[in-house]
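So the structure is just underneath, and the comments pick up after that.
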Amino acid sequence: MAEAPAPAKNGKLLSVVSRWQDSLKWRIAYAYGGLIVILGLFVIGVVYQSMSRAVRAQIDRRVATVAAGLGDAAAGAMSKQPFELRGLVYRYSRLDGVAYVFVEDRNGDVSAHSLKSFPLDLLHSLSPEERRQPQRVIQTYRGKTVYEARAPISEGQLGVVHLAIWGDGVEDEVKHTVLPVVALVLLAVIATVVLAVLLAHGIIYPIRRLTDAAGKISTGDLEAPIVADSTDEIGELARSLERMRASLKTAIWRLSRAAGQ
């Protein structure tokens, strides 16, 4: 018994929705608003994808540059005491977002690394051509995605340096860079939808005034003048209705005067 008022509420809601659907203002607002929302979502998707790719490419180039710098520094350190190479690796491993750093010599053995225990699955057999060319690969370390840059040392003759950054850090940087732009586009879409509703209201309001005036004329109320506020088609319609009102009022006055005589 407590759920009896539900149909009444639903009926009231349907009545409001029906009035909105029957209103030209809301049909215009729905049409323009829907088009703007669709275009806005498309723009947001394009902006998000393009900016994400651009940010990832920028991060990729930055990591490759750091790895190349490490490779140049490692070329000098490998000819000196081993602790100098380990110190160099340690310094680079302290950079923000770096997951690991290790140096592979010409024989494919690890000369220095930043890890407590080196997992062998990070070490892959590289061909001589791969040793001479910088590479960027996606690896899995500790169950997480890392982006690894490989840089040759003395064109691969002395070995290869491996420097990886955490994938989570890349995604966070992408979000921090892209999301503010996406939010601005979303705000622009919302503002445009609001403007569409206001525009629809501005178009329909004078038409509604003329409809009310025509309704008064149809009931015989010819006293209130119809004021034309604009020079467009709606203003021309208002002036036509005013001429009709004035003509009807004059005609009725003449008929009343003739009947009185």
Side-chain angles (χ1 to χ4, degrees), residues 45-184:
V46 171
V47 168
Y48 184 84
Q49 292 296 329
S50 60
M51 287 196 65
S52 296
R53 286 195 296 267
V55 172
R56 286 190 174 91
Q58 183 179 8
I59 296 172
D60 197 38
R61 289 192 296 268
R62 191 169 65 205
V63 174
T65 301
V66 174
L70 174 58
D72 293 339
M78 291 181 74
S79 61
K80 300 178 182 180
Q81 296 297 328
F83 70 85
E84 292 193 16
L85 182 60
R86 288 195 293 270
L88 181 65
V89 168
Y90 176 78
R91 288 197 300 273
Y92 273 82
S93 68
R94 302 297 294 174
L95 295 177
D96 187 34
V98 172
Y100 60 79
V101 179
F102 68 91
V103 178
E104 179 184 348
D105 63 18
R106 70 182 72 184
N107 299 320
D109 298 325
V110 178
S111 301
H113 62 83
S114 62
L115 307 173
K116 292 182 180 180
S117 59
F118 187 82
L120 295 180
D121 55 348
L122 293 179
L123 193 60
H124 300 278
S125 178
L126 301 178
S127 65
E129 181 62 26
E130 290 175 332
R131 288 177 176 277
R132 288 193 293 267
Q133 299 295 330
Q135 298 181 45
R136 291 179 288 277
V137 296
I138 299 177
Q139 294 269 64
T140 300
Y141 175 61
R142 293 182 181 176
K144 296 182 179 180
T145 300
V146 296
Y147 297 88
E148 180 182 302
R150 299 170 181 172
I153 304 173
S154 297
E155 298 183 352
Q157 297 177 5
L158 297 180
V160 180
V161 298
H162 301 252
L163 186 146
I165 61 173
W166 293 109
D168 293 343
V170 174
E171 295 302 322
D172 289 341
E173 187 166 350
V174 170
K175 290 179 181 178
H176 291 159
T177 304
V178 176
L179 289 184
V181 179
V182 172
L184 289 177

Within-4.5 Å side-chain heavy-atom neighbours: Q135 and E130: yes

Return the OG1 to CG distance between T177 and D172, rounded to the nearest 0.5 Å. 10.5 Å

Any R62 side-chain heavy atom under 4.5 Å of I59 side chain: yes

Which pairs count as salt bridge (Lys or Arg N to Asp or Glu O under 4.0 Å) when at least one residue sits in residues 87-98, sequence neighbours excluded? none

Only counting residues at least two apart or in another chain, list the ones meeting salt bridge (Lys or Arg N to Asp or Glu O under 4.0 Å) with R132. E129

Take L70 and L88 through the test side-chain contact (heavy atoms from CB on, under 4.5 Å) and record every step on the way to the result. CA-CA 8 Å; L70 174 58; L88 181 65; 3.8 Å; yes

Quick one: closest heavy-atom pair of R150 and V137, and the distance? NH2-CG2, 3.7 Å

Smallest heavy-atom separation, V63 atom then A149 atom, equals CG1-CB, 3.6 Å

Within the 4.5 Å heavy-atom criterion, are V146 and I165 side-chain neighbours or not? no

Is there side-chain contact between L115 and F102, with at least one heavy-atom pair below 4.5 Å? no

Got a sec, which residues hit ring pair (Phe, Tyr, Trp, His ring centres under 6.0 Å) with Y141, two or more places apart in sequence or on another chain? Y100, W166

Are more than 12 heavy atoms, taken from residues, nucleotides or ligands other than Y90, located less than 6.0 Å from that residue's OH atom? no

Nearest atoms (heavy-atom pairs only) where K175 meets P180: O-CD, 3.8 Å

Measuring only between side-chain heavy atoms, which start at C-beta, is V47 closer than 4.5 Å to V181? yes

Got I138 and Y147 here, is their nearest side-chain heavy-atom distance under 4.5 Å? yes

Do Y92 and V66 have side-chain heavy atoms sitting under 4.5 Å apart? yes

Which pairs pass side-chain hydrogen bond (donor to acceptor under 3.5 Å, both in side chains) with one or both residues in residues 153-164, sequence neighbours excluded? E104-H162, E148-H162

Quick note, salt bridge (Lys or Arg N to Asp or Glu O under 4.0 Å) partners involving residues 47-58, not counting sequence neighbours, are R56-E171

For the residue pair Q133 and P152, what are the closest heavy atoms and their distance? C-CD, 4.3 Å

Write down the atom of T140, the atom of L122, and the distance for their closest heavy-atom approach. O-CD2, 4.3 Å

Separation between CZ (R136) and CG (D60), nearest 0.5 Å, reads 4.5 Å

Pairs flagged by side-chain hydrogen bond (donor to acceptor under 3.5 Å, both in side chains) wherever residues 107-125 is involved - sequence neighbours left out: H124-Q139

Which heavy atom of A75 sits nearest a heavy atom of L158, and at what distance? O-CD1, 4.1 Å

Quick one: are I153 and R106 in side-chain contact, heavy atoms under 4.5 Å? no

